[in-house]
Amino acid sequence: MSEQWNTLVVDRYPERFLARICLNRPDKMNALSSEMLEELGGVFDQLDEDEGIRGVILTGTGERAFAAGADIGELRGVGKEAGEAKARFGQEIFRKIETFVKPVIAVVHGYALGGGAELAMACHLRIASEQAQFALPEASLGLIPGYGGTQRAVRLIGSARALEWIWRGSRIDGAKAFEWGLVNHVARSREEALELAEKLLSEILRQAPLAVGAVLKCVRLAGDQKGYDREAVLFGEMCDTEDGREGVEAFLEKRQAQFRGR
């Protein structure tokens, strides 16, 4: 059964106890608009109540991108308070995914940049194609990751590697992401990655559902809310800097940003 949302396509397969959510803004490389974030929250609320669904696969529509970051146009003119609120809203949605009581596997093909990489990291497991490209390039816009990226990257790949990755804004492919421990598996193509995700999820769903949920609850006790709070505050502060405004304007005007450290 396929459900068409404005920015998502949701397919439910109750005979296999799984659902597939596809980010569906291919003309924008599945950029994470506010509407898409709201719809993701709504879908996960529905799936939480659906007793016929025990696991979720999250992927992107098309061959170009899983999600090419936040919708940068929505950041134009955003100041401190609005920036912090925007970060907190994104964190709330991604936290909903991270704390979801059923396994969520991200299948990443093409670009997973900025918010896209943060979304993948919010899922419980990640499978990438060889063509996947992960990056947290917010510093090149005069900003920082705002949806939990600074926290989850450290937990997944370690603080030193996370710092270098975020500072440089460098892209890594699926093979490098696997080497770093950012993803659980890497496949040769999007189709193989989806097949592997379904196979892996079916194996997980063979276990006792309550036990699977209990494992999720235990694992996430390692989180620390203070780090997320600090990230949102700093994201808001970066939105209020000259460099933050310059980075957003330069991106939208397709020119090189001129940063001045203020």
Side-chain angles (χ1 to χ4, degrees), residues 3 5 7-12 17-25 30-50 53-61 65-71 86-109 112-128 132 134 136 145-156 182-184 193-194 197-198 200-201 204-205 209 212-225 227-228 231-232:
E3 306 166 19
W5 296 56
T7 67
L8 306 172
V9 176
V10 182
D11 293 291
R12 304 190 194 208
F17 302 105
L18 66 87
R20 182 188 294 179
I21 302 172
C22 288
L23 310 178
N24 191 37
R25 298 182 74 206
N30 302 325
L32 300 173
S33 63
S34 297
E35 182 181 28
M36 181 181 282
L37 291 176
E38 289 178 2
E39 291 194 344
L40 276 172
V43 168
F44 275 95
D45 285 340
Q46 287 188 4
L47 295 177
D48 186 30
E49 298 176 357
D50 190 337
I53 299 300
R54 298 180 184 171
V56 179
I57 293 172
L58 177 62
T59 190
T61 299
F66 169 73
D71 193 326
K86 190 171 186 64
R88 289 190 185 278
F89 177 64
Q91 288 183 5
E92 176 188 342
I93 301 302
F94 286 12
R95 181 69 173 167
K96 181 177 293 190
I97 296 171
E98 183 179 49
T99 60
F100 197 57
V101 295
K102 306 168 187 181
V104 182
I105 301 178
V107 173
V108 179
H109 176 76
L113 310 179
E118 292 180 286
L119 176 57
M121 289 191 288
C123 298
H124 303 132
L125 302 176
R126 285 152 296 283
I127 297 176
F134 295 87
L136 292 172
Y147 295 164
T150 63
Q151 306 302 294
R152 294 189 180 97
V154 170
R155 294 208 302 269
L156 289 169
L182 186 63
V183 303
N184 298 79
L194 285 168
E198 292 187 7
L200 177 57
L201 190 53
I204 295 170
L205 297 185
V212 171
V215 169
L216 283 171
K217 292 177 182 178
C218 290
V219 168
R220 64 175 177 254
L221 288 176
D224 185 354
Q225 184 60 37
Y228 294 98
E231 179 184 88

Could you give all pairs that pass the salt bridge (Lys or Arg N to Asp or Glu O under 4.0 Å) test and reach residues 96-107, with sequence neighbours left out?
-> D45-K96, R95-E98, E98-R152, E98-R155
Interatomic spacing from CZ in F44 to CD1 in I21 - rounded to 0.5 Å = 4.0 Å
Can you tell me how far CD of Q151 sits from CD of Q91, rounded to the nearest 0.5 angstrom?
-> 8.0 Å
Hey, does the side chain of E118 reach the backbone of P145 with a donor-acceptor pair shorter than 3.5 angstrom?
-> no
Can you tell if the side chain of I105 reaches within under 4.5 Å of the side chain of E198, non-hydrogen atoms only?
-> no
Using salt bridge (charged side-chain N to carboxylate O under 4.0 Å, His left out) as the criterion, list what pairs up with R54, not counting sequence neighbours.
-> none
Expected output: side-chain S33 to main-chain D71 donor-acceptor under 3.5 Å = no
Heavy-atom closest contact (L47 atom, A19 atom, distance) = CD2-CB, 4.0 Å
For the residue pair E35 and T7, confirm or rule out a side-chain donor-acceptor distance under 3.5 Å.
-> no
CG of L32 to CZ of F94: how many Å apart, nearest 0.5 Å?
-> 5.0 Å
D48 side chain vs V101 backbone, donor-acceptor pair below 3.5 Å = no
Does any non-hydrogen side-chain atom of L136 lie less than 4.5 Å from one of M121?
-> yes
The reported gap from CZ in R12 to CG in L18 (rounded to nearest 0.5 angstrom) is 12.0 Å
Do W5 and M36 have side chains that get closer than 4.5 Å, going by heavy atoms?
-> no
Student check: side-chain heavy atoms of L200 and I127 closer than 4.5 Å | yes
Between the side chain of N24 and the main-chain N/O of V9, is any donor-acceptor distance below 3.5 Å?
-> no
Applying ring-ring contact (aromatic ring centres under 6.0 Å, His included) to F17 and not counting sequence neighbours gives none
Would you say the side chain of V43 lies within less than 4.5 Å of the side chain of V56, judging by non-hydrogen atoms?
-> no
When rounded to the nearest 0.5 angstrom, what is the spacing between CG in L119 and CD1 in I93?
-> 11.0 Å
Flag, side chain of R25 to backbone of A31, donor-acceptor distance under 3.5 Å = yes
Atom CG of L58 and atom CG of L125: how far apart are they, to the nearest 0.5 Å?
-> 12.5 Å
